[in-house]
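Reviewing the structure listed below.
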Amino acid sequence: MTEVTKRILVTGGTGLVGRAIEKVVADGEGRPDEEWIFVSSRDADLTSSSETKALFERHKPTHVIHLAAMVGGLFKNIRSNLDFWRTNIHINDNVLHSAHETGVQKVVSCLSTCIFPDKTTYPIDETMIHNGPPHSSNFGYSYAKRMIDVQNRGYSEQHGRRFTAVIPTNVFGPHDNFNIEDGHVLPGLIHKVYLAKQSGSALTVWGTGEPRRQFIYSLDLARLFLWVLREYDEVEPIILSVGEEDEVSIREAAEAITEAMEFRGELVFDTTKSDGQFKKTASNAKLRRYLPGFQFTPFRKAVKETCAWFNANYANARK
């Protein structure tokens, strides 16, 4: 029998990305020398340094994937920027410091493309994170996430720690937050289509449908997380995304969902509603230098699988 030499603790383990990693590991991507431990807020309050320390002492991880965060949609961020800043700063500092104090070999934290400067050139890349203030609507969350990069550099320079971070673009998949008011665009649309189909009404999409986004399927992101954990040795973050050529408009996303859900009603765009940022194009050139042959799941196939999961799990889906 292979001896277990890696104990991998995943914080935020019951969320969208945590569940995807759990599935990918269970479906054959895990290795015999790895033990995977998925924890959620029920296991420890990561804003508490003593609870975080106790969690690390209990599980004694050698590696950590840090996904836990206070997250929310646009309007929740606007209302509560200070709460997003304080909560995430506490979580991140506790996790990284406990990892350092207990001798964890490697930490991979999860950032977000919303942390990039609001005023920037496109495509954005890993060198641009600190080039200017983030969008004012979610400055608390964005600055707290940026500080992970600062701490990673500090732990590397002062203590020789291998702490790094990934920056995914718009993630979607099973176990997402399908709340229409407070979720992200794709899961919100899936829920809207489901309800419009039930009631026989038109589907109303907010805005013109013209903004473009890079969507990454949670199971593809999970496979990339495993590669980063095992192979990626830079402290500098890496963007995990489909290519610029795979950007999809909100209209195209809505059409992919209506097709997957077999919705036959009318599609209406409410142009009185704001579009938000037109695009946030990110470069995956660094990822492609490392993994030129990585195959992403085609967007329509990933949407179809996500819609099928939502239909099958409607009663228990987060909404």
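Given the structure is predicted, the values throughout are model-derived calculations rather than measurements.
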Output, in order, the C-alpha distance, side-chain angles, deciding distance and verdict of salt bridge (charged side-chain N to carboxylate O under 4.0 Å, His left out) for R146 and D149. CA-CA 6 Å; R146 283 187 189 186; D149 180 50; over 6 Å; no
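- Using bins of under 30°, 30° to 60° and over 60° for the plane-to-plane angle, the ring pair Y155/H159 lands in the tilted bin.
- Annotation: side chain of T14 is not in contact with side chain of H175 (no heavy-atom distance under 4.5 Å).
- For the pair I238/L224, no side-chain contact is recorded, criterion being any heavy-atom separation below 4.5 Å from C-beta on.
- Applying the salt bridge (Lys or Arg N to Asp or Glu O under 4.0 Å) criterion to E210, with sequence neighbours excluded, gives no partner residue.
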Enumerate donor-acceptor pairs with a distance under 3.5 Å from any side-chain N or O in residues 105-117 to protein atoms, sequence neighbours excluded.
{"from": "K106", "atom 1": "NZ", "to": "V228", "atom 2": "O", "distance (Å)": "2.7"}
{"from": "K106", "atom 1": "NZ", "to": "L229", "atom 2": "O", "distance (Å)": "3.2"}
{"from": "K106", "atom 1": "NZ", "to": "Y232", "atom 2": "O", "distance (Å)": "2.4"}
{"from": "S112", "atom 1": "OG", "to": "C114", "atom 2": "N", "distance (Å)": "3.1"}

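- By the neighbour-count criterion of 12 heavy atoms within 6.0 Å, atom CD of E231 is densely surrounded, having more than that number from other residues, nucleotides or ligands.
- Annotation for K273: atom NZ counts as buried by contact number, over 12 foreign heavy atoms lying within 6.0 Å.
- Applying the 4.5 Å side-chain rule to ILVMFWY residues, one finds that V235 remains a lone member of its cluster.
- One N or O on the side chain of D220 and one on the backbone of T297 form a donor-acceptor pair closer than 3.5 Å.
- Counting only distance, with no hydrogens or angles, the side chain of R161 and the backbone of H100 share a donor-acceptor pair below 3.5 Å.
- A heavy-atom distance below 4.5 Å is found between the side chains of L240 and L287.
- Judged purely by atom type and a 3.5 angstrom limit, N88 uses its side chain to pair as donor or acceptor with the backbone of M70.
- With hydrogens and angles left out, the side-chain atoms of D176 and H184 include no donor and acceptor closer than 3.5 Å.
- Between W36 and V10 there is a side-chain heavy-atom pair separated by less than 4.5 Å.
- Partners of D27 by salt bridge (Lys or Arg N to Asp or Glu O under 4.0 Å), not counting sequence neighbours, listed by chain and number: K23.
- As a member of the Ile/Leu/Val/Met/Phe/Trp/Tyr network built from side-chain separations under 4.5 Å, L82 groups with W85, I89, F139, Y143, M147, V150.
- Contact of the T306 side chain with the Y217 side chain is registered, since non-hydrogen atoms from C-beta on lie closer than 4.5 Å.
- No more than 12 heavy-atom neighbours from other residues, nucleotides or ligands sit within 6.0 angstrom of NZ on K304.
- Counting non-hydrogen atoms of other residues, nucleotides and ligands closer than 6.0 Å to CD of E3 gives a total of 12 or fewer.
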Let's go through I91 and T47 carefully: what are the C-alpha distance in whole Å and the side-chain angles of both, what is the deciding distance for side-chain contact (heavy atoms from CB on, under 4.5 Å) to 0.1 Å, and is it a yes or a no? CA-CA 5 Å; I91 289 171; T47 63; 3.7 Å; yes
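- Distance alone, capped at 3.5 Å, is enough to place a donor-acceptor pair between the E51 side chain and the D45 backbone.
- Side-chain contact of T204 with D270: a donor-acceptor pair under 3.5 Å is absent, judged by distance alone.
- Between the side chains of E234 and Y290, at least one donor N or O sits under 3.5 Å from an acceptor N or O.
- Counting only heavy atoms from C-beta outward, the side chains of V248 and D246 never approach each other to under 4.5 Å.
- Considering only heavy atoms from C-beta on, L226 comes within 4.5 Å of V24 through its side chain.
- With hydrogens and angles disregarded, no donor-acceptor distance shorter than 3.5 Å links the side chain of S249 to the backbone of R212.
- Residue pairs meeting the side chain to side chain donor-acceptor pair (under 3.5 Å) criterion with at least one partner in residues 254-263, sequence neighbours excluded, are E259-R300.
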